[in-house]
Amino acid sequence: MSHSDAYKYEEVATTIRPDDADAEDNAEDNDDGRVRRRKRARPMSDSHDMANSFSTARPITCLAVGICVGLVISLGLLLGADDEQRNVASVSASLHPPITSHSSSRDGFEDDVDVDVERYCRNRPRKECPPISKFVKGYKVRGNIEWLLDFAVVGSAKAGTSFLLRYLGNSSETLMPKYEVCKMSKNRPDELVKLYYNASLVAGKYHRDSSSATPVNSIADDADLSPTKMINGLKCPKSLGTEFAVSNFEKYFPNLKYIVTMRHPVKWFQSFYNYRVYGNGKLPPPRELIGSCVADSPYICSKRCAVKTHTQNVCTDRAKFHHQLSRFGKTPMNSKEENDLLVHDMDIVPSNGTVFLMDIAQLFPSEKASRHLARDLSNYLGLRQQLPSLKDVPPDSSRYTDPERTKYFINICDDEHRYLREVLVGIGTDAYTWIRDYFLGSRDVVVSSREDFLELISKWQYDPCADGDYNNKL
């Protein structure tokens with residue numbers, strides 16, 4: 001793979017959407033990130049008031065009820081509805097459960113709603129679906145929102161996630177914003193619900209009456225909302241390294257399908273360092289970025305990182321892909337050999353979700369490890385139509401073109417970075433060993449062309465600069 005080829009699949013510094021509070025390290029986000037405990041909503045007093053009104057007007061009410069019952073009985077006798085009609089009505093009621101008249105809410109849904117929206121809203125007008133207020137109140141998410149998100153591209157930065165966003169987002173069966181959505185990393189699942197709920201209904205995900213509906217948020221501005229859309233996805237490369245994302249995904253989307261991309265740690269570090277320099281200005285020398293990204297924390301920064309940390313989330317610990325993957329709890333972790341590879345203090349959140357694991361090189365059509373990727377990704381996501389061949393997908397044409405912003409770039413193969421490379425190769429060796437011996441043993445982990453994939457990541461054990469052919473290696 002040539003140096004120029006790698007650029008085709010990397011995320012090159014791009015202009016941040018002015019309304020995008022989720023772009024990684026965007027300083028516009030001002031949420032305090034505090035954890036708020038979920039409380040059960042208190043019932044409204046409508047039913048109590050209704051009971052009082054019945055008690056004060058009992059004679060009139062009883063007379064009215066008697067007349068209504070008589071009319072209903074008479075109408076039934078006149079119509080003579082047969083058994084078949086009644087069976088059809090029964091089936092319809094089971095498919096579309098009625099809104100209960102005893103609800104404490106005026107719009108017909110209980111305040112502590114746990115409506116099966118996927119079942120209820122299918123083939124119904126959008127106006128009959130529960131309002132967003134039934135799922136979000138302030139910062140609190142209530143009810144079942146699992147149906148809102150099907151898959152997530154969660155790592156790693158500078159490992160092809162932007163290419164995957166374009167590749168998967170162009171499918172007629174997916175709904176994805178064209179920018180990063182890192183609400184879960186910032187501990188704001190309520191904002192994710194608001195972002196996806198109306199767009200999902202508008203896109204025809206659960207009903208066909210979408211022509212007159214108008215979205216209230218920005219997914220609809222950036223996505224092809226055709227009626228054939230079937231699954232919702234997002235991209236957030238930093239998710240696995242932040243404190244809250246993994247636990248939030250498991251809590252609200254326990255059966256989520258994760259797509260995790262990785263890269264040789266040495267190549268990753270240079271690419272990410274230069275990306276940050278180009279976008280945000282000068283960084284500390286690379287030798288000062290050996291270790292953690294945030295002092296006294298095993299996690300990376302989740303918001304306002306350009307302001308709050310001098311590393312801007314560039315550090316060697318972030319190349320420990322095996323530590324991040326271990327948080328899914330897919331391996332035994334009951335042997336000294338495995339635990340010696342996983343010395344970290346991040347939370348382990350056993351997940352019911354599945355993981356599609358890949359190396360960035362599998363996005364290059366020239367690599368033999370990529371030959372079945374389109375098919376395997378399509379099958380993993382459950383798409384009815386196979387994704388296009390990688391060779392038919394135009395690469396990103398973005399380049400680092402501003403010389404003033406490239407003057408602080410590094411070439412990691414320079415001799416001054418020798419120790420840095422030794423650290424990163426050691427990380428790569430541990431990551432390769434753990435993935436090969438433990439992670440791939442889980443039935444929840446999927447790779448395309450397993451043997452070719454293993455051959456690719458086995459190269460993490462070696463310094464790509466060793467033969468001096470810098471341009472062909474990076």
Side-chain angles (χ1 to χ4, degrees), residues 33-38 141 146 149 151-157 159 161 182-189 192 234 236-262 265 268 291-303 313 315-358 380 426-447 457 460:
R34 289 178 292 173
V35 178
R36 293 169 172 80
R37 296 186 180 276
R38 300 176 66 193
V141 174
E146 183 179 356
L149 191 66
F151 69 96
V153 179
V154 293
S156 175
T161 56
C182 294
K183 306 296 187 183
M184 302 304 249
S185 294
K186 297 173 183 177
N187 205 26
R188 294 300 304 270
L192 185 142
L234 61 78
C236 180
K238 63 183 174 184
S239 294
L240 300 187
T242 61
E243 182 174 1
F244 300 112
V246 177
S247 56
N248 278 331
F249 278 131
E250 177 60 22
K251 178 177 181 180
Y252 296 106
F253 308 103
N255 297 304
L256 195 65
K257 295 180 178 181
Y258 298 92
I259 299 175
V260 181
T261 60
M262 306 174 297
W268 170 84
S292 63
C293 289
V294 180
D296 302 319
S297 174
Y299 303 103
I300 64 173
C301 176
S302 60
K303 57 184 184 297
N313 273 343
C315 65
T316 56
D317 278 6
R318 195 168 176 182
K320 295 178 179 178
F321 306 129
H322 56 310
H323 287 187
Q324 298 166 27
L325 291 169
S326 71
R327 301 184 68 192
F328 288 122
K330 300 294 186 185
T331 63
M333 299 185 193
N334 57 6
S335 68
K336 182 180 184 304
E337 291 76 13
E338 180 180 8
N339 291 331
D340 284 347
L341 298 170
L342 300 176
V343 180
H344 66 80
D345 294 321
M346 291 188 286
D347 292 337
I348 305 297
V349 186
S351 171
N352 290 324
T354 56
V355 179
F356 190 100
L357 191 63
M358 57 184 294
Y380 178 70
I427 290 172
T429 300
D430 288 348
Y432 163 68
T433 302
W434 181 81
I435 290 171
R436 179 197 63 193
D437 295 347
Y438 300 100
F439 197 56
L440 293 186
S442 170
R443 63 182 181 181
D444 293 335
V445 178
V446 179
V447 294
I457 67 172
W460 297 1

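The figures that follow rest on heavy atoms only: side chains count, while hydrogens, waters and symmetry mates do not.
Under a 3.5 Å cut-off, the side chain of Ser156 and the backbone N or O of Thr261 do not form any donor-acceptor pair. Ser247 places a side-chain N or O within 3.5 Å of a backbone atom of Phe244 that can act as its donor or acceptor partner.
Counting only heavy atoms from C-beta outward, the side chains of Asp317 and Lys320 approach each other to under 4.5 Å. In this structure, the side chains of Val447 and Met358 stay at 4.5 Å or more apart for every pair of heavy atoms. A 4.5 Å side-chain heavy-atom check between Asn248 and Leu192 finds every atom pair outside the cut-off. By the 4.5 Å heavy-atom criterion applied to side chains, Met184 and Val246 are not counted as neighbours. Side-chain contact between His344 and Ser326: present, with at least one pair of heavy atoms (C-beta onward) separated by less than 4.5 Å. Looking at heavy atoms from C-beta onward, Leu325 lies out of side-chain contact with Val445 at the 4.5 angstrom threshold. At least one side-chain heavy atom of Trp460 sits less than 4.5 Å from a side-chain heavy atom of Phe321. Using a 4.5 Å heavy-atom threshold, the side chains of Asp444 and Val355 count as separate.
For the atom pair CZ (Arg436) and NE2 (His322), the distance works out to 13.0 Å, reported to the nearest 0.5 Å. Here Ser239 contributes atom OG and Gln324 contributes atom CD; the two are 10.0 Å apart, rounded to the nearest 0.5 Å. The CG atom of Leu256 sits 5.0 Å away from atom CG of Leu149, with the distance rounded to the nearest 0.5 Å. The SG atom of Cys301 lies 11.5 Å from the CD atom of Glu243; values are rounded to the nearest 0.5 Å. Lys238 NZ to Thr161 OG1: the interatomic distance, rounded to the nearest 0.5 Å, is 12.0 Å.
Taken as a pair, Cys236 and Cys182 meet the criterion of an SG-SG distance shorter than 2.5 angstrom.
The ring of Phe356 has its center no closer than 6.0 angstrom to the ring center of Phe151.
Ring geometry for Tyr258 against Phe328 counts as tilted: the plane angle lies between 30° and 60°, on a 0 to 90° scale.
For the pair Gly428 and Pro265, the tightest heavy-atom approach, listed with the atom from each and the gap, is CA-CG, 3.7 Å. Minimum interatomic distance between Tyr438 and Leu341 (heavy atoms only, all atoms of both residues): CE1-CD1, 4.1 Å.
For Tyr380 and Thr354, the side-chain atoms include at least one donor-acceptor pair closer than 3.5 Å.
Residues meeting the side-chain contact (heavy atoms from CB on, under 4.5 Å) test with Asp437, sequence neighbours left out: Thr433.
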